Amino acid sequence: MARSSIRLSTNILRTQIAVLLGALLVAFGLSLWQSHELLVHQFEERALAIANTVTVAPGIADAVVAGDPSGVVQARAESIRRSTGALFVVVTDDHGIRYSHPVPERIGEHVSTDPSGALSGKTVVNMEHGTLGLSARAKVPLRTDAGRIVGEVSVGIDADEIAASLWRLLPSIALYSGIALTVGVVGSLFLARRLKRQTFGLELNEIATLLQEREAMLHGVAEGVIGIGPSGRIALINDEARHLLGLGDADVGARVDDTTPAGRIRDILTGAVAGTDLVVLTDEHCLVMNRMPVSMQGRDLGHIVTISDRTEQEGLLRELDSVRGLTDALRAQQHEFANRVHALSGMLELGRFDEAVDYVAELSATATDLATRLQRQIASPQLVGLLVAKSVVASERGVMLVLTDESDLAEGEADARALLTVLGNLVDNAIDAAVTGPSPHRVEVDVRCIGDSVRVRVRDSGPGVAPEIAEEVFEDGFSTKPDEGLRRRGLGLALVHRVVAQHAGRIEVSSGPGAVFTVTLPRDGAAGAAVPTEATA
């Protein structure tokens, strides 16, 4: 991937410095303008103070009224001008005729600016052009002791003096601007380095390419993927994860606790349940979830949760397991049949024909006795077939599968699919447990109607279920037996528990000796959601 000739951090630094320079130039200009306005105001106030000093000077007003025959107005005005550094101090009468001026030749002439404001009793301060150029000037009325306006006093301060004062302020303004620019550049350097660390040194084109590749990969994989940040919020989620977990409304940035209901899925997403290849059952799927931490350059970036749909695979494995069990049962029957044929052949060779006939009759009665007795007690052919098949498998493993004499279930008393799932998984678990228990190995099944409910009870002669794990045995993926290759343990009892919950039933486990699992389902056979038909815990 080709890198840009200008690095992202350098480009950001250049841009920030350019912005800083532009902002500082604007601020510098505004500071100059504001300083100029302040200086103008100060000089106008200074001119006003000088003018007020002239108006209160004794004898000035009386001299103007008398026509100033002795030139006292000019003398005093010039004295004040020289002592204050003003550009001019001009005193006029009420007709605007000058009685003082820095240029004596202009005394007696009419002023070049409008004196009407001061002559009307107002105080006027402004920047104005006159015969001596631009100046900050103040004009105040000249009054006699009786308060009569007899003229005006106009004082001006040269605008060049304002400019000189502004130039004296310029180095300070430039210094402060330079300090601000230096601080801004240093801050920009730190920010550029921080951005470089946060982007792991990637350039803009690389970030854009990674985003495109991430989106393509995230929504192109067949597995669900959820990224969870360190704060417990969803950082990313693909469409498959929304579908498998039913999180259609989950938004990026939302907290996991707020988007998922309480249960095993939330516990895995939040890390409350740890482990690898954690099995989760939903109403439609059998899922395997893994939660892995993600870090880069020592920084905790949160966790990635992957979700694999194993529904079809688990179904195929269960079917394969059923076929394998049936094959083992047929092989056992073949051996048993071969032994009986050999015994019958020996009787015939010995001429024991009567005994051979009796032996054939006994074998025929034994073969049909189990199926006949099951059909008398249980009307559902699916359940009878299941129990006959499980009986053959149990016999092959040295376990006696017994249906109690009190068992009785008429046709249509309960949902047959639910009973197949419950009974099949409970019997499989009981056979496995009985094999590991003391001899004789025995599994007892009791199915009957009690009031408005159908009760299924399966008792085995195995080691039983420890009280401390009595609640855990129904959780997805929990099993005391190891996995066999791709075949997952911990699904059978979880499926039974899910079926019971969907049909508003109850499930209990207790000690017998051995383990006793009791399931109670509604008698009216209200069907729940579709569930897998069989699994092995």
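Just so you know, these numbers come straight off a predicted model, no measurement behind them.
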Taking the side chain as everything from C-beta on, heavy atoms only, tell me whether [X] gets closer than 4.5 Å to [Y].
X	Y	value
E444	V458	no
V516	E508	no
I228	I304	no
I507	V496	yes
I378	L403	yes
K390	L386	yes
P230	D300	yes
V456	T518	no

Determine the minimum heavy-atom distance between [X] and [Y], stating which atoms define it.
X	Y	answer
V443	I431	CG2-N, 3.9 Å
I17	V185	CG1-CG2, 4.2 Å
P438	S461	CD-O, 3.3 Å
H441	V435	CE1-O, 3.7 Å
R291	T270	NH2-O, 3.5 Å
A430	D460	O-CB, 3.6 Å

How long is the span from the [atom1] atom in [X] to the [atom2] atom in [Y], to the nearest 0.5 Å?
X	Y	atom1	atom2	value
S308	L244	OG	CG	8.5 Å
D267	L278	CG	CG	10.5 Å
I450	T520	CD1	OG1	7.0 Å
Y176	S31	OH	OG	11.0 Å
R448	D408	CZ	CG	9.0 Å

**Prompt:** Between R455 and D446, is there a side-chain N and carboxylate O pair less than 4.0 Å apart?
**Reply:** yes

Sidechain-backbone polar pair: [X] side chain, [Y] backbone, donor-acceptor under 3.5 Å:
X	Y	value
S391	L387	no
S453	C449	no
N238	E223	yes
H503	L521	no

**Prompt:** Hey, are Q377 and S407 close enough side-chain-wise for a donor-acceptor pair under 3.5 Å?
**Reply:** no

**Message:** So if I apply the side chain to side chain contact (heavy atoms under 4.5 Å, CB included) rule between V445 and each of L383, V402, T404, V427, which one comes out positive?
**Reply:** V427

**Asked** side chain to side chain contact (heavy atoms under 4.5 Å, CB included) with I226: which of V256, T306, L245?
**Response** L245

**Prompt:** Quick one: side-chain contact (heavy atoms from CB on, under 4.5 Å) partners of R233, sequence neighbours excluded?
**Reply:** S231, R255

**Listed partners of H303 passing ring pair (Phe, Tyr, Trp, His ring centres under 6.0 Å), at least two apart** = none

**Request:** Answer yes or no: does atom CD of Q34 have more than 12 heavy-atom neighbours from other residues, nucleotides or ligands under 6.0 Å?
**Result:** no

